[in-house]
Each structure stands twice: as C-alpha cells, then as structure tokens.
Asker: 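Handing you this structure, nothing more for now.
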Amino acid sequence: MSNHKVAILMGSASDLPSMEAATQVLDDLGIGWRMAVRSAHRTPEETVSYVRQAESDGVQVLICGAGMAAHLAGVVAAESLLPVIGVPINAAFDGMDALLATVQMPPGIPVATVAVGRAGAKNAAWLAARILSLGDSDLNTRLVAAKKTQRDNVLASDAELQARLNK
Ligand code: RP5
C-alpha cells in the first residue's frame, strides 16, 4: 500500500501544463498522489497495467486528462470500478472535441467530467477530495476550512471593491 490516494493520468506530456494544476490542490489538502503519462491510443496496454497497479497500491480515485479524441478517461473507466474524473484538454477546437469525447460516455461506464483545462484539473482534485472525505473525517475538516477560506476571500475582495467605489 502506498499513501497515494489519487492517480493523475494524462494522454501526453503536452497536457502537463493543465494537469499540474490538480497537484497543487491535492498538496494543499494533504492528499497523496502519483502522476504518469499514458495514452489510450498510443499505449493501450500500459494504460491498463498502470490502472491495475494503482488499484493494488490502494489508489482510490483516478483523474484522467486528455485532448483531441479524448478516450483516456473512458478507457480507464471501462477497466476499473474506481471513480474516474475526466479533464478535457484544449489541444484543438478550444477543447470542445475533448469535452464531448470525455463527457458522452455510454450508460454504465461513468466519467465525472469537469471543465476544460487548468480550471477542470483543479476541480478534478477538489472533487477527488470530496470523494475521499466520505471515509476520512480529517480530510472533511480540511475541506470545511478550505470552503470557509474561499468565502472569506470573496467577501474580503468585495470589501476592498466597496471601499474603492466609495472613495
Ligand atoms: C491526446 O492528444 C493528448 O492527451 C494530447 O492532449 C493530444 C495531443 O498529444 P501530443 O501530440 O501533444 O502528444 O492524446
């Protein structure tokens, strides 16, 4: 068993500028992760064996980012019963091709699809944290605190705005 609760896969190293955004969120929440490049099309066998190894190492959530004909999340969801979160990458057509390929899964093989690119990678990590927090009360406490920080930051930025508008 490793302490990696989340595995982040991406179809190409060219996806890293988007997918690395997930790692910062996971680090901030104290969640162990691993990351690898595996392609549904270029390395199908290695993709499956990576998922098998992750399962046996105790990984609980799989995050998959891919662009163009983005089949990585779908292939991983076909191979594993772990929750799979798909991040469409903007490699062409503003990411619309990857968004549709990731989100339009056939019934029975779900992929929880988040936004395109870095925003999606961040939310993939936040969603993974929520899933993991169901069985981890300490993580749940950290998520409650993080949510309060987000609220406080918005209210503080509004207070600054109001101060500027009223000068
Ligand atoms: C997809 O094709 C990858 O996920 C990447 O977003 C896109 C282009 O890959 P590269 O040609 O940059 O390796 O499989």
Side-chain angles (χ1 to χ4, degrees), residues 1-136 139 143 146 150:
M1 276 295 168
S2 79
N3 71 341
H4 299 151
K5 297 293 181 212
V6 175
I8 302 168
L9 286 174
M10 67 200 89
S12 167
S14 66
D15 300 326
L16 184 58
S18 294
M19 295 309 294
E20 66 184 358
T23 66
Q24 186 62 57
V25 174
L26 295 172
D27 284 343
D28 289 348
L29 290 169
I31 298 170
W33 53 269
R34 63 180 62 177
M35 176 181 261
V37 178
R38 294 288 187 282
S39 166
H41 306 117
R42 294 163 174 160
T43 63
E45 290 173 14
E46 291 83 357
T47 299
V48 172
S49 54
Y50 185 90
V51 170
R52 293 275 169 274
Q53 187 64 51
E55 285 176 329
S56 67
D57 289 347
V59 166
Q60 294 180 10
V61 181
L62 299 158
I63 295 174
C64 301
M68 303 188 82
H71 297 136
L72 182 61
V75 164
V76 169
E79 289 293 332
S80 177
L81 285 177
L82 293 175
V84 176
I85 304 171
V87 183
I89 302 293
N90 179 7
F93 297 106
D94 290 331
M96 188 59 77
D97 48 354
L99 172 61
L100 295 177
T102 305
V103 77
Q104 287 290 74
M105 288 296 294
I109 312 293
V111 169
T113 304
V114 291
V116 173
R118 282 181 67 85
K122 290 178 187 174
N123 258 355
W126 285 108
L127 179 55
R130 289 188 178 199
I131 293 168
L132 293 169
S133 76
L134 293 171
D136 184 338
L139 176 57
L143 280 176
Q150 289 175 6

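Order of appearance sets the numbers: ligands from 1, and atoms from 1 within every ligand.
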Asker: Does ligand 1 have a heavy atom under 4.0 Å from the side chain of S14, from its backbone, from both, or from neither?
Answerer: side chain

Asker: Would the distance check show the side chain of S80 and the main-chain N or O of A77 forming a donor-acceptor pair, the cut-off being under 3.5 Å?
Answerer: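 Side chain of S80 to backbone of A77: no pair is present.
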
Asker: May I ask you to identify the nearest protein heavy atom to atom 4 (O) of ligand 1, giving residue, atom name and distance to one decimal place in Å?
Answerer: D15 OD2, 2.6 Å

Asker: Which ligand 1 atoms does A66 reach within 4.0 Å, using its non-hydrogen atoms?
Answerer: 4 (O)

Asker: Taking the non-hydrogen atoms of M10, is any one of them nearer than 4.0 angstrom to ligand 1?
Answerer: no

Asker: Taking N or O atoms only and a 3.5 Å limit, does M68 qualify as a polar contact for ligand 1?
Answerer: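 No: no nitrogen or oxygen of M68 is under 3.5 Å from one in ligand 1.
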
Asker: One thing to verify: whether D57 and R34 come together as a salt bridge, which I'm taking to mean a side-chain N less than 4.0 angstrom from a carboxylate O.
Answerer: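 Judged by the 4.0 Å cut-off on N to carboxylate O distance, R34 and D57 do form a salt bridge.
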
Asker: Distance to 0.1 Å, residue and atom name: give those for the protein heavy atom nearest to atom 11 (O) of ligand 1.
Answerer: R42 NH2, 3.3 Å

Asker: Considering only protein heavy atoms, which is closest to atom 2 (O) of ligand 1, and at what distance to one decimal place?
Answerer: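 Ranking protein heavy atoms by distance from atom 2 (O) of ligand 1, first comes G67 O, 3.8 Å.
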
Asker: Any non-hydrogen side-chain atom of T47 less than 4.5 Å from a side-chain atom of L72?
Answerer: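 T47 reaches L72 side chain to side chain.
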
Asker: Report yes or no: does R52 contribute a side-chain atom to a donor-acceptor pair with the main-chain N or O of E79 at less than 3.5 Å?
Answerer: yes

Asker: Between S12 and D15, is any pair of side-chain heavy atoms under 4.5 Å apart?
Answerer: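 Answer yes - side chains close enough.
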
Asker: Donor-acceptor pair, R118 side chain versus P17 backbone, under 3.5 Å?
Answerer: yes

Asker: Where is the nearest protein heavy atom to atom 10 (P) of ligand 1: which residue, which atom, and how far?
Answerer: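 Nearest protein contact, heavy atoms only, for atom 10 (P) of ligand 1 is S12 OG, 3.4 Å.
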
